Protein chains: 2
Amino acid sequence: MTSPRPLRADAARNRARIMTAAHEQITEHGPEVSMEQIAAAAGVAVGTLYKHFPNKNDLVASVVAASFETLADDAEECLRREVQGSPAMAELTGFLSRVMDTVARNRAVKAAAYALSADHTTHPAMQAVETRVTQALGGLIRSAQAQGALRADFTLDDLYLMLSSLPADQPPTARTRWLALLLTGLTAR
Amino acid sequence: MTSPRPLRADAARNRARIMTAAHEQITEHGPEVSMEQIAAAAGVAVGTLYKHFPNKNDLVASVVAASFETLADDAEECLRREVQGSPAMAELTGFLSRVMDTVARNRAVKAAAYALSADHTTHPAMQAVETRVTQALGGLIRSAQAQGALRADFTLDDLYLMLSSLPADQPPTARTRWLALLLTGLTAR
DNA sequence: CCATAACGTGAATGGTGCTTCATGTTGTAT
DNA sequence: ATACAACATGAAGCACCATTCACGTTATGG
């Protein structure tokens with residue numbers, strides 16, 4: 001299911017280079033960077049990009065999906081800590097804060113966060129990782145509510161709504177302030 | 001200061017057509033619509049656009065500034081009602097709600113709202129209108145706080161922060177929910 | 001070491017978009 | 001009514017970008 005044949009050694013190396021270069025370039029210049037620029041940053045020719053990805057859209061989607069994986073890792077890590085006794089609400093706010101910082105430095109992940117809440121016909125590569133995030137965050141929300149730290153009517157959709165609206169283009173102090181303002185409304189009274 | 005010479009009759013008519021067409025096209029397709037498309041919608045040739053605006057950027061900026069004017073009108077209207085006895089907090093939330101709806105249908109205004117809070121070296125045409133908005137909303141905030149309906153540490157910058165982060169791409173119900181979540185955190189306890 | 005399939009290359013193609021300018025048209029002052 | 005400045009036109013110039021493909025290169029199994 002994963003691969004009919006293993007990639008040739010140089011092909012694998014180039015694929016990795018392309019992914020990191022694409023990630024860097026998209027992070028720095030947004031998803032509108034040219035394929036030529038990504039190729040140059042990766043040290044390969046344009047044609048090579050098309051040997052690994054059918055078109056630009058798929059390349060960008062792959063980069064976004066990869067960023068998404070680390071987000072899912074973070075969420076699952078939070079849930080793990082919570083199970084071991086860490087306060088659920090603290091894990092939730094910590095997660096939010098980190099996501100905000102990540103997104104602030106990375107427009108590709110911003111697109112990903114947006115896709116999570118809005119574009120429910122996402123790229124196939126995104127489906128699996130979306131359920132991972134959903135599971136982890138859903139667990140955290142339920143625990144925080146059970147512990148009386150989060151208002152009872154708060155839902156997973158609300159969290160996605162927050163993720164999709166976080167002010168990524170603002171300076172760090174403004175971002176922190178934003179989170180603080182929202183949190184006072186979310187705490188159970 | 002305003003105009004060295006009055007525009008010729010047909011020139012004024014075309015300028016108006018261009019502005020409305022540009023507004024419509026940008027609203028519908030975003031700021032990346034082609035000049036050709038705007039020209040076609042206005043019923044003029046591309047060259048005419050360049051008779052009225054030095055380049056595309058200036059045309060878009062003019063459209064944004066125009067949208068901004070109606071936003072300023074709304075804010076001042078709110079302040080006027082407040083002075084006549086309407087509760088300041090209600091005016092404030094009403095304003096927010098309307099801005100959210102407007103932005104949801106109009107990416108150009110979204111860009112404007114973003115510019116207000118972030119890009120402080122904005123287009124010259126924006127300077128005057130920015131102070132209008134600042135005056136009106138600042139007054140509303142102070143009144144709402146004096147009336148004990150708004151937490152005392154809320155600032156104008158906080159309001160801009162909210163404006164810049166409102167989830168314009170979300171469906172109406174989600175937008176309302178977002179505002180409700182935020183407001184419970186803003187009300188004075 | 002060879003044969004060959006996998007891989008990499010980068011100039012060429014076709015498309016789109018912004019901007020300009022030489023030419024034609026029209027409002028308006030006299 | 002006339003003349004002229006103001007205005008409108010839209011094809012052409014120029015730059016950029018995604019994608020393709022015919023050909024050269026290289027890893028790898030035998």
Side-chain angles (χ1 to χ4, degrees), chain A residues 1-65 107-108 111 123 125, chain B residues 1-65 107-108 111 123 125:
Chain A
M1 185 95 258
T2 45
S3 54
R5 295 182 197 181
L7 276 180
R8 226 171 71 174
D10 54 346
R13 180 161 30 86
N14 275 341
R15 190 172 222 283
R17 278 187 189 171
I18 290 171
M19 282 295 279
T20 46
H23 181 88
E24 286 171 8
Q25 294 299 310
I26 290 175
T27 295
E28 189 168 355
H29 304 110
E32 68 273 13
V33 274
S34 69
M35 292 294 264
E36 317 258 3
Q37 197 163 333
I38 294 174
V44 300
V46 241
T48 308
L49 299 194
Y50 289 90
K51 275 276 146 59
H52 290 275
F53 303 92
N55 53 45
K56 185 180 177 178
N57 240 347
D58 272 51
L59 171 54
V60 173
S62 293
V63 168
V64 168
R107 296 201 224 168
H123 208 257
Chain B
M1 186 98 251
T2 45
S3 56
R5 295 183 199 182
L7 276 181
R8 226 172 71 175
D10 56 344
R13 180 162 29 87
N14 276 340
R15 188 172 223 283
R17 278 187 189 169
I18 290 171
M19 282 296 279
T20 46
H23 182 88
E24 285 171 9
Q25 294 300 309
I26 290 175
T27 296
E28 190 168 354
H29 304 111
E32 68 274 13
V33 274
S34 68
M35 292 294 263
E36 318 259 1
Q37 197 163 334
I38 294 174
V44 300
V46 241
T48 309
L49 299 194
Y50 289 90
K51 275 273 146 54
H52 291 276
F53 303 92
N55 53 45
K56 184 180 178 178
N57 240 348
D58 272 50
L59 171 54
V60 173
S62 293
V63 169
V64 168
R107 295 202 224 168
H123 208 257

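Predicted model only: the values in this text are computed from it and were never measured. Order of the sequence lines fixes the chain letters, A, B, ..., with proteins taken first and strands second; residue numbering starts at 1 for each chain.
Using a distance-only test at 3.5 Å, with no hydrogens or angles considered, no donor-acceptor pair links the side chain of B:K51 to the main chain of B:A11. Under the 3.5 Å distance criterion, the side-chain polar atoms of B:T27 are matched with a main-chain donor or acceptor of B:H23.
Summarising the geometry of B:A22 relative to B:V63, their closest heavy-atom pair is CB-CG2, 3.7 Å, with the distance given to 0.1 Å. B:Q25 and B:A41 make their closest contact through NE2-CB, 3.6 Å (heavy atoms, listed as atom of the first residue, atom of the second, distance).
For B:N55, there are no side chain to side chain donor-acceptor pair (under 3.5 Å) partners at least two apart in sequence or on another chain.
One interatomic measurement links the two molecules: CG of B:N55 to P of C:dT20, which rounds to 8 Å at whole-angstrom precision. Rounded to whole angstrom, the span from the CG atom of A:L59 across to the P atom of D:dT19 amounts to 10 Å. Whole-Å rounding puts the B:I38 CD1 to D:dT9 P distance at 15 Å. A straight line from CD of A:Q25 to C1' of D:dA18 spans 17 Å, rounded to a whole angstrom. Between B:N57 atom CG and C:dT19 atom C1' there is a gap of 13 Å when expressed in whole angstrom units. Atom CG in B:D58 sits roughly 14 Å away from atom C1' in C:dT19 (whole-Å rounding). As rounded to whole Å, 14 Å separates atom P of D:dT9 from atom CE of B:M35.
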Close N or O pairs between protein and nucleotides 28-30 of chain C (under 3.5 Å):
{"unit_1": "C:dT28", "atom_1": "OP1", "unit_2": "B:A9", "atom_2": "N", "d": "3.1"}

Can you pull every protein N or O that's under 3.5 Å from an N or O on nucleotides 12-14 of chain D?
none

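Non-hydrogen atoms lying under 4.0 Å from DNA chain D are contributed by A:V46, A:Y50, all within residues 40-52 of chain A. Residues from residues 12-19 of chain A with heavy atoms under 4.0 angstrom of DNA chain C, sorted by number: A:N14.
Note that the CG atom of B:N14 and the CE atom of B:M19 stand 13.5 Å from one another [nearest 0.5 Å]. Taken to the nearest 0.5 Å, the NE2 atom of A:H52 stands 14.0 Å off from the CG atom of A:D58. Atom-to-atom distance recorded for B:I26:CD1 and B:L59:CG is 6.0 Å, nearest 0.5 angstrom.
Listed by first and then second residue, the salt bridge (charged side-chain N to carboxylate O under 4.0 Å, His left out) pairs involving residues 13-30 of chain B amount to none (not counting sequence neighbours).
Side chains of A:F53 and A:I18 form a contact here, defined as non-hydrogen atoms less than 4.5 Å apart.
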